[in-house]
**Q** 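Could you have a look at this structure, given as structure tokens, before my questions?
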Protein chains: 2
Amino acid sequence: MTQPTREKILDAVFALVYTKGYNGTSMSMILEACQIPKGSLYHHFSSKKAMVLAVLKERIAPRMDQFYDLRASAENHEIDTIIAAIVKVADNRELLCYGCPLNRLNQEMAPVDNDFEYEINIIYEALKDKLVQLLKRSRLQENVNSEMLSEFIIATVWGALSLSPNHSSKARYLQTISHLIAYLKTLKR
Amino acid sequence: MTQPTREKILDAVFALVYTKGYNGTSMSMILEACQIPKGSLYHHFSSKKAMVLAVLKERIAPRMDQFYDLRASAENHEIDTIIAAIVKVADNRELLCYGCPLNRLNQEMAPVDNDFEYEINIIYEALKDKLVQLLKRSRLQENVNSEMLSEFIIATVWGALSLSPNHSSKARYLQTISHLIAYLKTLKR
DNA sequence: GGTAAAGTAGACCATTCAGTCTAATTTCAG
DNA sequence: CTGAAATTAGACTGAATGGTCTACTTTACC
């Protein structure tokens, strides 16, 4: 056994739900991807919904932490740290193709299921808070509200990743966010 | 007969697919919403997919035209015309709750279906071109590429409308895009 | 008024859906 | 080695899925 069954399931479900959506992913697809029988799946998770909620907490949440990995450096202005994180996104082909996994699940499930809305919001707030903390430490133009600016940054990156056609290129993403970067630089003090 | 059956179907399918997604909408839900028998539905459309592609062309495309209704005025700077259109979005409760219908369908269907990707891209390009034409007529700072700026504007608005929690408020939307507005104003010449 | 086309009506179909159930097997503690 | 718990195995279920088919009714034109 190379990987515990439960972990194997979470990996497969993440990949499927991320690329095909919750309603676009069936149990049989998951079973085939995992190469396990149905009994194993329902031993570890009580339902499809419970499974995807686990994916949210155990796969998507850590990914969000990892991607906006904002190691503050004493040398750089915090704004530059954030810009570097945004630019780094361009190197992830999956992100360019499918967008932010949290945003995808949010758009599909939050309007129709309170449990999803709740769990997604927790992850979103954590993501936002990380940005807020960084911005609060930085020297910015006056009248800049860190919370509002954080939401603006996340919104723009999410939007840039979801532009049609879905399979957006690295160059296109970078061009789109070049305006965001230019704006952020004007906020430095 | 108050409304032709075909139009009634398109309206119902738009509302359902917009709020619940393509895979979250079943034929039986559509039938119940329309209060028509199955025979009528399949008389007008050969399949679920054909139906939603028709919704794209006959409902979503016109909406996009309508919402970014950018009547240029000789008095206002084109940037202000665009800002007004962006602010107007805040008055649409559906948009605040479910986001841009084109963006929703794009995220769900474009990665898994070429026909959807193609049709969505046509509508997206039309939307973008409208902005590009307006920007090209306007006096902007040098080095501003109208096409890139248009994509940035659309991305930001789409992103602001898809922030978690999904049911975002008018105030929250306006706060988020206040940064976009501030940036756009700096581009005026 | 007759007739052909357009549209309505809903029973019916194979397939797939998420989920259940019982049994076999493996794991591990004592 | 033994027995209990954890896990694997997959046949099975009822409901829902998208779609077909034939029959009936309305509409519109000659």
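Within every chain, numbering begins at 1; the chains are lettered A, B, ... in the order of the sequence lines, protein sequences first and strands thereafter.
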**Q** Hey, which of these two, B:S40 or A:G39, hits DNA chain C nearer its 5' end, going by closest nucleotide?
**A** B:S40
**Q** In whole Å, what is the span from the NZ atom of B:K8 to the C1' atom of C:dG7?
**A**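 About 12 Å, once rounded to whole Å.
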**Q** Give a yes/no verdict on a cation-pi contact between B:K48 and B:Y22, requiring under 6.0 Å between NZ or CZ and the six-membered ring centre and an angle within 45° of the axis.
**A**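 Because its charged atom sits under 6.0 Å from the ring centre and within 45° of the axis, B:K48 does stack over B:Y22.
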**Q** Do you know the tightest heavy-atom contact between A:S47 and A:Y42?
**A** CA-CE2, 4.1 Å
**Q** How many Å lie between NZ on B:K38 and C1' on D:dT22, as a whole number?
**A** 15 Å
**Q** Would you call A:D113 and A:K49 a salt bridge, using N to O less than 4.0 angstrom?
**A**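 Salt bridge between A:D113 and A:K49, a charged N being under 4.0 Å from a carboxylate O: yes.
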**Q** To the nearest angstrom, how far is B:R6 atom CZ from C:dA6 atom P?
**A** 14 Å
**Q** With a 3.5 Å distance limit and no angle check, can you tell me whether B:Q141 reaches the backbone of B:K188 through a side-chain donor-acceptor pair?
**A**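 Between the backbone of B:K188 and the side chain of B:Q141 there is a qualifying donor-acceptor contact (under 3.5 Å).
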**Q** Quick one: does B:E108's side chain have a donor or acceptor within less than 3.5 Å of a partner on B:N23's backbone?
**A**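 Indeed, once roles are kept as given, a pair shorter than 3.5 Å links the two residues.
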**Q** Does a donor on one side chain sit under 3.5 Å from an acceptor on the other, for B:Y173 and A:E151?
**A** no
**Q** Has B:T25 got a side-chain atom pairing as donor or acceptor with B:L16's backbone, closer than 3.5 angstrom?
**A**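 It does hold such a pair.
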**Q** Ignoring the backbone of A:T5, work out which of C:dG7, D:dT8, C:dG10 is nearest its side chain.
**A** D:dT8
**Q** Would you mind writing out the side-chain donor-acceptor pairs for residues 174-181 of chain B within the sub-3.5 Å range, not counting sequence neighbours?
**A**
{"residue": "B:T176", "atom": "OG1", "partner": "B:R172", "partner atom": "O", "Å": "2.9"}
{"residue": "B:S178", "atom": "OG", "partner": "B:Q175", "partner atom": "O", "Å": "2.6"}
{"residue": "B:H179", "atom": "ND1", "partner": "A:Y183", "partner atom": "OH", "Å": "2.7"}

**Q** So which of residues 9-35 of chain B are in contact with DNA chain C, with a heavy-atom cut-off of under 4.0 Å?
**A**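 Output list: empty, so none.
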**Q** Please list, in numerical order, the residues of residues 41-53 of chain B that have a heavy atom closer than 4.0 Å to any atom of DNA chain C.
**A** B:H43, B:H44
